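Keep in mind that this is a model prediction, so the values were computed, not measured. Throughout, protein chains are lettered first and strands after them, A, B, ... in sequence-line order, and every chain is numbered starting at 1.
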Protein chains: 2
Amino acid sequence: MKKFKKLEPVDTGSLVDKVEIKLLAFFKDNNLKPGDAIPKELEFAESLGVSRTVIREALLRLRTLGLVESKKHRGMILKQPDIINNFERILDPTLLGEDTLKQLFELRLILEMGMADFLFEHKTQKDMDELEKIVQAEEATDTGKIRFALDREIAFHGKLYQMSKNVTLQGFQNLLLPVFEYVYMKETKNHDLDSDHFTGGKFITHRMLLENLKVGTPETFRNAIRRHLEPHFDHAFKNSNK
Amino acid sequence: MKKFKKLEPVDTGSLVDKVEIKLLAFFKDNNLKPGDAIPKELEFAESLGVSRTVIREALLRLRTLGLVESKKHRGMILKQPDIINNFERILDPTLLGEDTLKQLFELRLILEMGMADFLFEHKTQKDMDELEKIVQAEEATDTGKIRFALDREIAFHGKLYQMSKNVTLQGFQNLLLPVFEYVYMKETKNHDLDSDHFTGGKFITHRMLLENLKVGTPETFRNAIRRHLEPHFDHAFKNSNK
DNA sequence: TTTTGTATTATGTCATACATATAAAATGAA
DNA sequence: TTCATTTTATATGTATGACATAATACAAAA
């Protein structure tokens, strides 16, 4: 077979792709910041030499990602992209594959293990009081019913996320919540575990975590919550080894 | 003043919004999974009673989010949404506000603190050998130059993420990397710190982390990396208190 | 059998028109 | 002049129709 010189593949990318890149470059080059207004669709169309349709599609992508916001009928401005919000629409457990679900579940474990320092740094008395209430409420109810156990889990751990004072992290927690619920229910169903497995018995309870948060350090808290999450870690590792 | 019956506010959401919701419902109701083909634009347009323009915009959103993929000129299929990839384009530190940058930086600290268990669970000999090489390479070079210090940070910590065997987490790391670089450069510039502040001196070095990974436990490793990240935590907390 | 041509089809792009919400300008009343 | 109201200009939202183009299947030709 005769050898030919290599032939570079032609640029097959769509116009919209190119325009999107040009737009992003435009924002950067002009040092535009969130809140700044951007040119009109027709102006872009003219200066880039494409139809308004293409401009609209490129801008729509950026809008979908939250980088620009359209003030209806008045123009568009640059926006602080809200990373979290967009995920929510598509992060439906029923639309996700098993592997993705598993990874997101792991991610949640990682977040809870990692936020200890921020809890201790930012906690307030008000936070602690509220957490106390949550724990008291759950101690007052009868245990054993898995569905309620899940609700209590969410209340307690959700409060922790909130106490981190990092709204991006909180957004994440909301995002991962359906995934958590989904996997949680599957865990408890598949393996016929009683809820004690998660909230009581030999494991660290919410009460113990709360006390640790009062008198402990980030280090002691990490060790405590690690043991509290033990069954979930077990679950994550078990599946990873099959 | 005469009292009127309440007048429900009219639905002011755009057509595209509604269509997007309808499309998502369609996918769920028909139990469509990644890989399945979906109807054509014109079919949607007809059955939903709107123009092809609206259908296209709604579908474009879902494409931007990675939920559907368009096989050029052949149709569209459902896709496993690649959550991470899309955000790389817009997560440009120069386009983000200070507060978002700060939160993303914190998020990175949280991730590194939280992944210890997964490192120990999934590490392989090959991983450890590669990490050894990375550390040796950085020990062989002259220290002091901040830019190189940053490269070494990225190499070492990037490898850690990779060792977690969680690709979503790795995607996150890639996502957050520009933010990290940006904040890192600002930290070192603003406070005139020498790179020893980050890599040597009284702090935990990469070498020490590696040794810990060999003979330690998740618990000891967490404490070690916590001290390794000390200056970054300081930075995060300092800003949060002003 | 292999190659080449052709029809079909769905998305990509363009052009144009009109609807409509908003803000700014113009107008009118006090 | 000042305030309230109306008008107007404008940019996005939506609709329609057209054609280009790439992927595919299938027929025709070698």
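For NZ of B/Lys22, the number of neighbouring non-hydrogen atoms (other residues, nucleotides, ligands) closer than 6.0 Å is 12 at most. By the neighbour-count criterion of 12 heavy atoms within 6.0 Å, atom CD of A/Glu43 is densely surrounded, having more than that number from other residues, nucleotides or ligands.
Using a 4.5 Å cut-off on side-chain heavy atoms (C-beta onward), B/Phe118 and B/Tyr161 make no contact. Side chains of B/Lys165 and B/Asp127 form a contact here, defined as non-hydrogen atoms less than 4.5 Å apart. Put simply, the side chain of B/Arg63 does not reach to within 4.5 Å of the side chain of A/Thr64, judged on heavy atoms. In this structure, B/Leu104 and B/Leu175 have side chains that are not in contact, with every pair of non-hydrogen atoms separated by 4.5 Å or more.
Nucleotide D/dA11 holds its P atom 13 Å from the CD atom of A/Glu46, rounded to whole Å. To the nearest angstrom, P of C/dC18 lies 20 Å from CG of B/Leu15. For the pair A/Leu48 CG and C/dC14 C1', the interatomic distance rounds to 15 Å; values are reported in whole Å. One atom, CD1 of B/Ile55, and another, P of C/dA10, lie 15 Å apart when rounded to the nearest Å. Atom CE in A/Met76 sits roughly 17 Å away from atom P in C/dA21 (whole-Å rounding). Atom-to-atom, CG of A/Leu59 to P of D/dT12 comes out at 8 Å; the value is rounded to the nearest Å. Regarding A/Ile77, its CD1 atom lies at a distance of 16 Å from the P atom of D/dA11, rounded to whole Å. Between the P atom of C/dT13 and the CD atom of B/Glu57 lies a distance of 14 Å, rounded to the nearest Å.
Look at B/Arg56 and A/Glu57 and you find a salt bridge, because one of the NZ, NE, NH1 or NH2 atoms lies within 4.0 Å of a carboxylate O, short of that distance. With salt bridges taken as basic N to acidic carboxylate O contacts below 4.0 Å, none links B/Glu98 and B/Lys102.
With C/dT11, D/dA15, C/dC14 as the choices, the nucleotide that has an atom nearest any side-chain atom of B/Ser51 turns out to be D/dA15. Counting only heavy atoms from C-beta on, B/Arg52 has its side chain closest to D/dA18 among D/dA18, C/dA15, D/dT12.
Residues from residues 37-45 of chain B lying near DNA chain D, meaning a heavy-atom separation below 4.0 Å, are absent.
At least one side-chain nitrogen or oxygen of A/Arg56 sits closer than 4.0 Å to the OP1 or OP2 atom of D/dG13.
Between the side chains of A/Asp129 and A/Gln125, at least one donor-acceptor pair of N or O atoms lies under 3.5 Å.
Within 4.0 Å (heavy atoms only), B/Ser70 reaches sugar-phosphate atoms of the nucleic acid but no base atom.
Axis orientation changes by 10° from one end of the helix from C/dT1-D/dA30 to C/dA30-D/dT1 to the other, with each end axis drawn from 5 pairs and the value rounded to 10°.
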